[in-house]
Amino acid sequence: MTEYSPLLSVKGLGVEFRTRRGVARVLDDVGFELHRGQTLGVVGESGCGKSVTALAVMQLISQPPGRITGGEVRFDGRDLLQFSESEMRRVRGNRISMIFQEPMTSLNPAYTVGDQIAEAVRLHEGLSKAASLARAVEMLDAVGIPAAAQRLHEYPHQFSGGMRQRVMIAMALACKPDVLIADEPTTALDVTVQAQIFDLIADMRERTGTAVMLITHDMGAIAEMADRVVVMYAGRIVEAGAVRDILSAPQHPYTRGLIACAPGRRTVAPGQPLEEIPGTVPSLLERDAGCLFANRCAKVMPRCRAELPPVTTQAGGHQVACWLNQETSA
Amino acid sequence: MAVTVPSPTPTVEAMSPWLEAWRVFRSNKAAMLGLVILSVIVLTMSFGPSLYGVAPFDIAGAPFTPPFTEPSVWLGTDYLGRDVLAGVLVGGRATVLVGLAAATVAVTIGVSIGALAGYFGGWVDTALSRVTELFQVLPALLFAMVLVTLFTPSLTVVIFAIGIVAWTGTARLARAEFMRLRHLEYANAARAIGAGPLRLMLREILPNALPPLIVSATLIVGSAILFEAGLSFLGLSDANVMSWGLMIGSNRRNILECWWAVTFPGAAIFLTVLAVSLIGDGLNDAFNPKLHLR
Amino acid sequence: MTRNLWLVLRRLGLAFGLVLAVLAVNFTLIHSAPGDPAMVIAGEMGGADEAAMAAIRKNYGLDKPLPEQFVTYIGRSLHGDLGTSYTYNRPVSELILDRLGPTILLVLTALLGAICIGTLMGVLASRRPDSLFSGVVTVFSLIGYAMPVFWTGILLVILFGKVWPIMPIAGMRDVRMMGAGTWASMLDVLHHLVLPAVTLGLIYVAQYSRLARASMLEVLGSDYIRTARAKGLGVWAVTFKHALRNAMMPLVTIAGLQFGNLISGAVLVETVFSWPGLGTLALDAILGRDYPTLLGVLTFSAILVIVANLLTDVSYRWIDPRLRGR
């Protein structure tokens with residue numbers, strides 16, 4: 001597809017969770033690529049496997065009950081799934097960092113924010129306490145926290161939600177990682193703060209050249225931030241491609257539904273109710289043979305319930321897994 | 001267009017929470033073991049003494065007879081020659097009855113004080129919380145020792161002495177529950193149709209606060225039994241009523257010569273408290289099903 | 001800073017109020033017991049001696065109205081005058097100060113040991129909640145809770161008195177060690193301390209290991225633990241630096257709340273091992289009907305608990321920065 005090798009390339013990734021009611025197949029044959037300096041958007045409803053994908057890349061899935069059943073996560077040429085735990089520790093927070101959905105609870109309440117940022121620096125770069133704290137000040141300054149040198153010694157509870165997410169970003173970027181995984185970084189924040197955080201992530205990407213994997217269900221943010229988009233549904237990728245292609249010409253009925261549902265789209269007239277995709281995500285415990293979206297799809301065909309649709313690739317690397325697409329292009 | 005999801009087990013939803021709790025409890029092996037142990041102990045202490053027919057204070061053989069040597073005194077005799085088995089069989093009556101009665105007293109005091117504090121809040125809460133704090137700083141056993149010594153050491157005094165020192169935990173729990181529940185919708189609804197505070201507390205809030213209170217009450221039974229055993233071990237209970245603690249206490253000076261006279265009654269106390277706390281844990285799990293999903 | 005000072009003063013004020021309340025309880029007890037309060041104060045010794053009774057009545061102002069007696073009683077007590085023991089013929093406060101050291105030594109050793117060992121066991125068990133070790137910790141904590149403390153002590157006395165005599169089973173000092181050097185006699189005391197401290201500590205090891213396991217399991221599931229792991233920290237740094245500190249809160253709470261129970265347990269343990277502390281003093285006082293001493297011990301133990309609660313409060317603020325300035 002591309003001539004130069006991607007920074008992060010995931011292929012055929014599968015994850016299962018053992019639950020009391022059976023084994024849930026949470027990720028099935030997930031694959032995507034992330035290139036240096038790029039932003040990859042991963043979208044889908046909650047429970048579609050976006051966060052599990054991120055945790056699988058970081059190797060932070062608790063096993064048991066989770067289990068990575070197969071595939072590869074190739075980072076800078078090497079498969080992370082083959083790494084030992086201690087090798088993986090040198091990657092986490094150093095070369096691949098992650099920020100989370102809940103800034104209110106993602107920082108340890110017992111330590112100052114300075115300690116928590118400096119800890120990663122000391123760990124990965126072996127700096128002295130003073131030097132790592134100096135880096136922490138630098139980082140807090142860079143993410144736009146005023147009076148960084150004083151706030152360094154404050155505790156998370158003394159920061160607002162948006163400020164805490166800034167601290168999280170400072171912590172994640174303190175060791176100048178190659179990849180920043182942002183798992184719904186603004187979901188828990190006020191709308192006005194959301195825009196600021198997205199701007200900050202975009203700005204930091206410009207400045208540091210870090211590639212970003214942005215997990216969100218906010219199509220607006222995707223439109224603004226991402227270069228490429230992966231659309232996930234029930235643990236599988238249903239559509240992937242350049243952000244322009246996906247937004248202007250979505251192929252999969254699910255993607256179309258997602259775009260139609262996005263608030264703030266021009267298609268929704270004032271006073272008109274927002275659209276929604278009917279039904280809910282199917283149980284991951286017993287998967288049917290066919291397309292997982294079949295029971296919610298408005299354009300469902302008999303074939304959809306019988307066989308899993310294969311992936312077709314169109315111009316510009318636009319990939320879709322849908323029978324509808326198969327029929328028209330065939 | 002909405003998809004109807006067929007409910008997998010519709011019967012579960014129709015069950016009352018109590019029945020559901022019992023179902024969880026029954027599937028808990030440790031709790032059921034506790035229930036079995038406790039039943040055996042209660043049956044033994046109820047019928048054992050009359051079947052065995054030896055009075056616990058009577059001299060039944062030579063002092064210091066070791067166990068498993070004389071068929072007539074199977075668990076041996078103590079330093080006075082009293083039959084250890086007879087004591088073990090009957091000694092649980094006082095211990096368990098005092099434990100149960102004292103726990104009843106403690107729970108009654110605790111729930112009343114906690115309910116008033118939690119329901120009314122404000123200065124009532126402040127005042128009652130200070131009282132609770134006062135009883136928390138008085139070391140329970142010492143306080144009970146003082147009470148038993150100042151008044152005559154009869155079973156009634158022991159029951160109240162334990163009850164008076166053991167209620168603070170329940171009070172804190174009841175206070176928190178009543179505080180949480182007093183503003184819930186059904187309480188407001190009942191208030192709207194003119195229910196008075198007493199009715200609200202007893203009919204609307206208390207039933208909903210019961211599960212944690214039952215768990216706490218069970219645990220108090222366990223500690224009240226330990227408490228009674230401690231007091232009678234110190235010789236501060238009714239000296240005319242045989243109890244496990246009294247057996248251990250009276251043989252204390254001779255433990256190196258007759259280990260059996262203290263080991264068996266101690267094991268009886270241990271098993272009883274163990275059974276009660278297994279049941280308490282089982283109830284706790286049964287009333288908090290979310291802990292099971294993990 | 002003034003705000004913090006105000007908070008400290010408020011805390012101390014409340015603690016002082018509790019001390020007054022304890023004294024009021026004592027006063028009530030003396031006067032609600034059946035019989036003549038003078039008799040209660042004098043105990044059996046005074047009952048025989050009319051002159052002593054008259055002295056007590058005059059000394060305690062028992063002929064005066066109750067409110068006045070109450071004020072006098074509080075005033076005396078606050079000056080450290082807890083009355084006179086007619087059994088020992090010494091001021092109660094002196095008797096108590098003699099016995100305070102051994103009890104504090106016993107209680108603190110048991111408590112700190114139990115917190116350290118129990119927490120460690122709970123932490124290790126929480127690493128793998130379904131492992132055999134975790135199961136052993138759970139069973140141990142059930143057993144430890146259900147064993148009557150005096151029975152545990154007696155079993156240890158039998159074990160070490162009869163089967164394997166390597167530990168002293170009674171007292172705090174060996175008579176043969178009289179006149180030995182400071183170090184030798186300290187070692188001797190520590191040697192005597194082992195069994196009582198283990199006995200008393202065992203219940204709390206059981207409780208803290210269980211509590212620590214539950215608390216750690218809860219903390220290990222929280223978001224900031226995931227953050228710490230995403231940072232690249234190893235299992236032990238995550239467990240001991242990031243999780244344990246947050247998991248300590250409920251442990252400290254329980255340790256504070258249970259300090260009273262610990263003293264109650266100490267009474268029984270001291271009795272079993274003839275440890276010369278407040279517990280044996282109280283028991284001797286009961287046997288000798290020496291009420292001033294008995295009530296003095298109660299008051300003093302309550303003060304110990306109040307002090308322990310103040311310390312608990314301080315450690316809360318140290319562990320959880322969110323509580324500072326509150």
Side-chain angles (χ1 to χ4, degrees), chain B residues 30 34 130-131 133-152 165 168-169 172 219 222-223 225-227 229-231 233-236 244-245 248-249 251-252 255-257 259 262-263 265-278 281 291 294, chain C residues 14 17-19 21-22 24-26 29-30 32-35 40 129 138 142-143 145-152 154-155 157-158 161-162 169 217 257 259-268 271-272 278-279 282-283 285-287 289 291 294-295 297-298 301-306 308-309:
Chain B
R130 291 283 169 270
V131 173
E133 239 172 89
L134 168 63
F135 278 87
Q136 248 161 16
V137 301
L138 290 168
L141 186 66
L142 272 173
F143 190 52
M145 283 163 73
V146 171
L147 289 180
V148 173
T149 316
L150 284 178
F151 304 86
T152 38
V165 297
T168 53
R172 287 156 49 95
L219 296 177
S223 52
I225 289 176
L226 285 174
F227 222 109
L231 278 179
F233 165 74
L234 294 175
L236 296 178
W244 292 330
I248 301 177
N251 282 290
R252 187 163 67 82
I255 45 181
L256 293 184
E257 289 80 42
W259 54 267
V262 292
T263 306
I269 303 171
F270 165 67
L271 278 179
T272 312
V273 178
L274 183 69
V276 170
S277 56
L278 284 176
D281 283 356
L291 291 178
R294 239 207 274 186
Chain C
L14 285 176
L18 271 177
V19 174
V22 169
V25 168
N26 278 354
L29 284 176
I30 298 173
S32 60
V40 174
T138 307
L142 273 170
I143 292 177
Y145 171 76
M147 303 229 321
V149 65
F150 54 91
W151 187 58
T152 316
I154 285 176
L155 291 184
V157 167
I158 293 173
K162 209 172 162 150
I169 53 171
L217 278 177
L257 277 180
F259 199 78
N261 291 347
L262 196 62
I263 290 190
S264 296
V267 173
L268 293 167
T271 309
V272 171
L278 290 179
L283 201 63
I286 288 174
L287 298 178
R289 304 251 146 219
Y291 295 107
L294 182 60
L295 289 172
V297 172
L298 181 66
S301 316
I303 291 174
L304 281 183
V305 178
I306 293 169
N309 286 348

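The figures that follow rest on heavy atoms only: side chains count, while hydrogens, waters and symmetry mates do not.
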Task: Full working for side chain to side chain contact (heavy atoms under 4.5 Å, CB included) between B:Leu234 and C:Phe150 - done: CA-CA 10 Å; B:Leu234 294 175; C:Phe150 54 91; over 6 Å; no

Task: Inter-residue atom distance B:Glu133.CD - C:Ile306.CD1, 0.5 Å rounding - done: 9.0 Å

Task: Smallest separation among heavy atoms of C:Val305 and B:Pro139, with atom names - done: CG2-CG, 4.2 Å

TODO: Please round to the nearest 0.5 Å and tell me the distance separating atom CE of C:Met147 and atom CD1 of B:Ile269.
DONE: 11.0 Å

Task: Distance, nearest 0.5 Å, that separates CG of B:Leu236 from CD1 of C:Ile286 - done: 4.5 Å

Task: Engaged part of B:Leu147 at the chain C interface, taking heavy atoms whose separation is under 4.5 Å - done: side chain

Task: Trace of the side chain to side chain contact (heavy atoms under 4.5 Å, CB included) decision for C:Ile154 with B:Phe233 - done: CA-CA 11 Å; C:Ile154 285 176; B:Phe233 165 74; 4.0 Å; yes

Open item on the list: Please classify the contact of C:Val25 with chain B as side chain, backbone, both or neither, using a heavy-atom distance under 4.5 Å.
Closed with: side chain

- [ ] Go through C:Val272, C:Val149, C:Ile263, C:Leu268 and name the one with the most non-hydrogen pairs under 4.5 angstrom from chain B.
- [x] C:Leu268

Task: Side-chain donor or acceptor of B:Arg252 paired with backbone N/O of C:Thr271 under 3.5 Å - done: yes

- [ ] Report the option among C:Ser264, C:Gly279, C:Gly260 that has the most heavy-atom pairs separated by less than 4.5 Å from atoms of chain B.
- [x] C:Ser264

Task: Contacting region of B:Thr272 [heavy-atom separation from chain C under 4.5 Å] - done: neither

TODO: Against chain C, work out which of B:Phe135, B:Phe151, B:Trp259 has the most heavy-atom pairs shorter than 4.5 Å and name it.
DONE: B:Phe151

TODO: Under 4.5 Å heavy-atom distance to chain B, tell me which part of C:Tyr145 shows up: side chain, backbone, both or neither.
DONE: both

- [ ] Could you tell me which non-hydrogen atom of C:Ala282 sits nearest to which non-hydrogen atom of B:Leu142, and how far apart they are?
- [x] CB-CD2, 3.7 Å

TODO: Under 4.5 Å, counting heavy-atom pairs only, tell me which of C:Leu142, C:Leu304, C:Asn26, C:Ile303 racks up the most with chain B.
DONE: C:Leu142

- [ ] Check side chain to side chain contact (heavy atoms under 4.5 Å, CB included) between B:Val146 and all other residues, then give those that pass, not counting sequence neighbours.
- [x] B:Leu150, C:Leu29, C:Leu294, C:Leu295, C:Leu298

Task: Residues B:Thr168, C:Leu257; criterion side chain to side chain contact (heavy atoms under 4.5 Å, CB included); working and verdict - done: CA-CA 10 Å; B:Thr168 53; C:Leu257 277 180; over 6 Å; no

Task: Residues in side chain to side chain contact (heavy atoms under 4.5 Å, CB included) contact with C:Leu155, at least two apart in sequence or another chain - done: B:Thr263, C:Trp151

Open item on the list: Under 4.5 Å from any heavy atom of chain C, what part of B:Ala267 do you find: side chain, backbone, both or neither?
Closed with: both

- [ ] Could you look at B:Phe143 and say if it's the side chain, the backbone, both or neither that has a heavy atom under 4.5 Å from chain C?
- [x] both

Task: Nearest non-hydrogen partners of C:Ile158 and B:Leu256, listed with the distance - done: CA-CD2, 4.0 Å

